[in-house]
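First up is the structure itself, then whatever we jot down about it.
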Amino acid sequence: MPVPLSMDLRERFARLVKGGVSGREAAHRLQLSAATGTRWARDVRACGSVSLAPMGHPRGTGKLSGYIDFFQELLVQDPDITLFELCDALNDAEGICVRHTAISRLLKRCGLTHKKSRWLPPSTTL
């Protein structure tokens, strides 16, 4: 996963731009791309600093975010339901086709994980 550039580098860039250096020149001095330099220079002129922007998708969005109650209801009705059965139930009820891994990630985010007990055959005595 990409990592944002350090705040130290951003502060040095902001000092250069506030000192009168263009965004491209400041980017060249700090070995950044020209596009990054122009974007950061615009932010420095507008806000006075170059702060970190949030990365990734916002939490709570996605195809399955509206179906948490549906999955909770199914899990209450049948606690031993498999992920593949949840996929089939969602496809039958709502017409949405998703992979079992997407449902697994959603259930894990909601804290609805369940480790099934291992089935052991009854012991027999001879």
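Between Leu30 and Leu16 the shortest side-chain heavy-atom distance falls below 4.5 Å. Using a 4.5 Å heavy-atom threshold, the side chains of Ile96 and Val98 count as touching. Within the 4.5 Å cutoff, the side chain of Leu107 has no heavy atoms near those of the Ile68 side chain.
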- Task: Report the C-alpha distance between Thr101 and Ser104 in whole Å, list the side-chain angles of each, state the deciding distance to 0.1 Å, and finish with yes or no for side chain to side chain donor-acceptor pair (under 3.5 Å).
- Result: CA-CA 5 Å; Thr101 54; Ser104 173; over 6 Å; no
- Task: Start with the C-alpha gap between Phe71 and Leu112, add the side-chain angles, then the distance that decides, and say whether side-chain contact (heavy atoms from CB on, under 4.5 Å) holds.
- Result: CA-CA 9 Å; Phe71 290 123; Leu112 297 174; 5.6 Å; no
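Under the 4.5 Å side-chain heavy-atom criterion for Ile, Leu, Val, Met, Phe, Trp and Tyr, Met7 and Val17 are members of distinct hydrophobic clusters.
Between Phe84 and His100, the ring planes lie tilted relative to each other; the angle falls in the 30° to 60° range.
To the nearest 0.5 Å, the span separating CG on Leu64 from CG on Leu86 amounts to 10.5 Å. Atom CG of residue Leu74 and atom CD1 of residue Ile103 lie 9.5 Å apart, to the nearest 0.5 angstrom.
Other residues, nucleotides and ligands contribute over 12 non-hydrogen atoms within 6.0 Å of the CZ atom of Arg12. The neighbour count for Gln31 CD, taken as heavy atoms of other residues, nucleotides or ligands under 6.0 Å away, does not exceed 12.
Counting only distance, with no hydrogens or angles, the side chain of Glu85 and the backbone of Thr82 share a donor-acceptor pair below 3.5 Å. Lys18 places a side-chain N or O within donor-acceptor distance of the main-chain N or O of Gly48, the cut-off being under 3.5 Å. Within the 3.5 Å criterion, the main-chain N or O of Gly37 finds no donor-acceptor partner in the side chain of Arg24.
Every salt bridge (Lys or Arg N to Asp or Glu O under 4.0 Å) that Glu25 has, sequence neighbours left out, goes to Arg29.
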